[in-house]
Trainee: 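The structure under discussion is supplied below as structure tokens; questions concerning it will follow.
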Amino acid sequence: MCTDCGCGTDSVTIDGHRHHVHDPHISDGRKVRIEVDILAKNDEYAARNRGFFAGRGILALNLVSSPGSGKTTLLTRTVDDLKSSVSVAVIEGDQQTANDAERIRATGVPAVQINTGKGCHLDAHMVGHALERLAPQTDSLLFIENVGNLVCPAEFDLGEAAKVAILSVTEGEDKPIKYPDMFHAADVMLLNKIDLLPYLDFDVEKCLGYALRVNPDIQIIPISATRGDGLDDWYRWIAGRRAGLKRTKEV
Amino acid sequence: MHEMSLCEGILRVIEEEAEAQSYHRVKTVWLEVGALAGVEVEALRFGFDVVMKDSIAKGARLAIIEVPGQAWCMLCMKTVAIAQRFDPCPECGGFQLQVTGGEEMRIKELEVE
């Protein structure tokens, strides 16, 4: 809006009304160049978190999905299955309640809950503070369960090694192309609840095709967090990434 | 998406730069927004006015510089224009595209006093 008279930026020009100019390139004020990325602040914190993880050999995974995809069920199962072989810690993001962190703590591993209040995503600054409280061990595995939302968390780097997108077959098979940013940003997609496929009209091939369309490099692992299908493949994927970390550390 | 928090990010940058570049009022903000940045410009404008209300950028004008989406097609071996992330290559119809431009969201310039 024009601050001289309150007319809009692309309002019509009326004869006789010429006391100011709307062209963005003609004005009296001084100009300063900025060239700053708006997410730069978040990226700074993310870089700090990434340094924290790298220095301690921690594999950090950012779990993203819609609400109700079975993220927390998958996480409790994964933690239960892996905690005897690797030290695991969890950061839980939700708008309200500490229910999820309590579910994780019930498995016996440390968890910190972040409540974002009005916020729709976790940011790197919040995660940095959670890390101070959580103090994850060297060479451990850290899961960050983001707020259930397929839009905003795609834009906010937390310093993680990879984003893991979870899509359940009770959702639409076209979600990867409806929310392309998220599936583009993810390294792996877990297609969850496949034990329910016999009761649903969900076209798996179509869904995989859509995911590969927005991200030709995405790895897809069909799983059932309740029945256990595909979880070995998921654990192998995690082990592969942890081995990759070790190699980089040694080099 | 979270246009409101993006506007808060813009304000943070403006306030941080105010001392270094010695200005006390911002009249115009030029913002580069890529076609693939996932930003809804109308929501951004709305959030902008609200967030700037009690700041040194009160009433400032938001000028958007649109940056077109660009991708490298691995089959055609060249740069092509795309409007959305999941668009096929306009030349070969394939989906083997790596986005190379149009994801930015940066403050370019300010008009200040």
Side-chain angles (χ1 to χ4, degrees), chain A residues 1-4 6-10 20 22-44 116 118-123 125 147 149-156 174 176-185 209-217, chain B residues 1-14 16-18 20-23 25-33 36-40 44-45 48-49 58-65 74 84-88 94-99 103-113:
Chain A
M1 195 174 73
C2 166
T3 48
D4 288 338
C7 61
T9 43
D10 39 27
H20 64 278
H22 287 299
D23 186 323
H25 299 290
I26 307 166
S27 56
D28 326 320
R30 179 166 65 94
K31 283 214 195 146
V32 294
R33 291 202 80 76
I34 297 281
E35 301 278 356
V36 175
D37 199 290
I38 295 160
L39 295 174
K41 200 84 209 162
N42 184 69
D43 290 344
E44 269 172 41
T116 56
K118 278 180 283 182
C120 45
H121 56 267
L122 291 179
D123 65 39
H125 184 235
V147 177
N149 174 350
L150 277 178
V151 187
C152 313
E155 298 292 324
F156 289 82
D174 55 354
I177 53 167
K178 277 184 171 165
Y179 300 94
D181 294 335
M182 185 58 85
F183 292 89
H184 179 77
Y210 288 144
L212 289 168
R213 192 196 284 188
V214 298
N215 182 354
D217 299 320
Chain B
M1 57 180 213
H2 42 267
E3 277 74 6
M4 210 69 164
S5 49
L6 293 178
C7 290
E8 281 163 3
I10 296 173
L11 180 59
R12 214 159 32 226
V13 172
I14 289 175
E16 278 173 10
E17 291 283 323
Q21 311 232 34
S22 58
Y23 55 81
R25 191 175 158 228
V26 176
K27 296 169 81 177
T28 309
V29 177
W30 279 274
L31 189 68
E32 255 184 8
V33 178
L36 312 177
V39 175
E40 187 54 59
L44 195 70
R45 285 191 186 285
F48 185 82
D49 290 344
K58 183 182 176 206
R61 201 171 65 83
L62 178 63
I64 306 269
I65 306 160
M74 290 179 228
Q84 282 171 308
R85 185 160 339 256
F86 54 90
D87 275 359
F95 288 97
Q96 303 261 41
L97 298 176
Q98 288 285 359
V99 172
E103 289 183 299
E104 50 275 270
M105 187 163 31
R106 56 166 59 224
I107 305 176
K108 196 86 186 138
E109 228 173 2
L110 300 177
E111 182 199 358
V112 298
E113 281 179 350

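Convention: sequence-line order gives letters A, B, ...; per-chain numbering from 1.
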Trainee: Can you tell which part of B:Q98 gets under 4.5 Å to a heavy atom of chain A, answering side chain, backbone, both or neither?
Mentor: side chain
Trainee: What part of B:E32 is in contact with chain A, defined as an atom under 4.5 angstrom from a non-hydrogen atom: side chain, backbone, both or neither?
Mentor: neither
Trainee: State whether the side chain of A:H121 and the backbone N or O of A:C152 hold a donor-acceptor pair below 3.5 Å, judged by distance alone.
Mentor: no
Trainee: State plainly whether the residues B:K108 and A:E35 are in salt-bridge range, i.e. N to O under 4.0 Å.
Mentor: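 Yes.
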Trainee: Regarding A:R33 and B:E109, does a basic nitrogen lie under 4.0 Å from an acidic carboxylate oxygen?
Mentor: yes
Trainee: Quick check on A:N215 against chain B: is it the side chain, the backbone, both or neither that has a heavy atom closer than 4.5 Å?
Mentor: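 When you check distances to chain B, no heavy atom of A:N215 falls under 4.5 Å.
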Trainee: What's the shortest heavy-atom distance between B:A60 and B:V26, and which atoms?
Mentor: CB-O, 3.4 Å
Trainee: Tell me which of these, A:L212, A:D217, A:D37, A:D123, has more heavy-atom pairs under 4.5 Å with chain B than the rest.
Mentor: A:D37
Trainee: Just give me the residue among B:E104, B:E113, B:Q96, B:R12 that pairs up with chain A most often, heavy atom to heavy atom, under 4.5 Å.
Mentor: B:R12
Trainee: Considering only heavy atoms, which portion of B:L31 lies under 4.5 Å from any heavy atom of chain A: side chain, backbone, both, or neither?
Mentor: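 Contact with chain A: side chain only.
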Trainee: Counting C-beta onward and ignoring hydrogens, is there a side-chain heavy-atom pair between B:F48 and B:V29 closer than 4.5 Å?
Mentor: yes
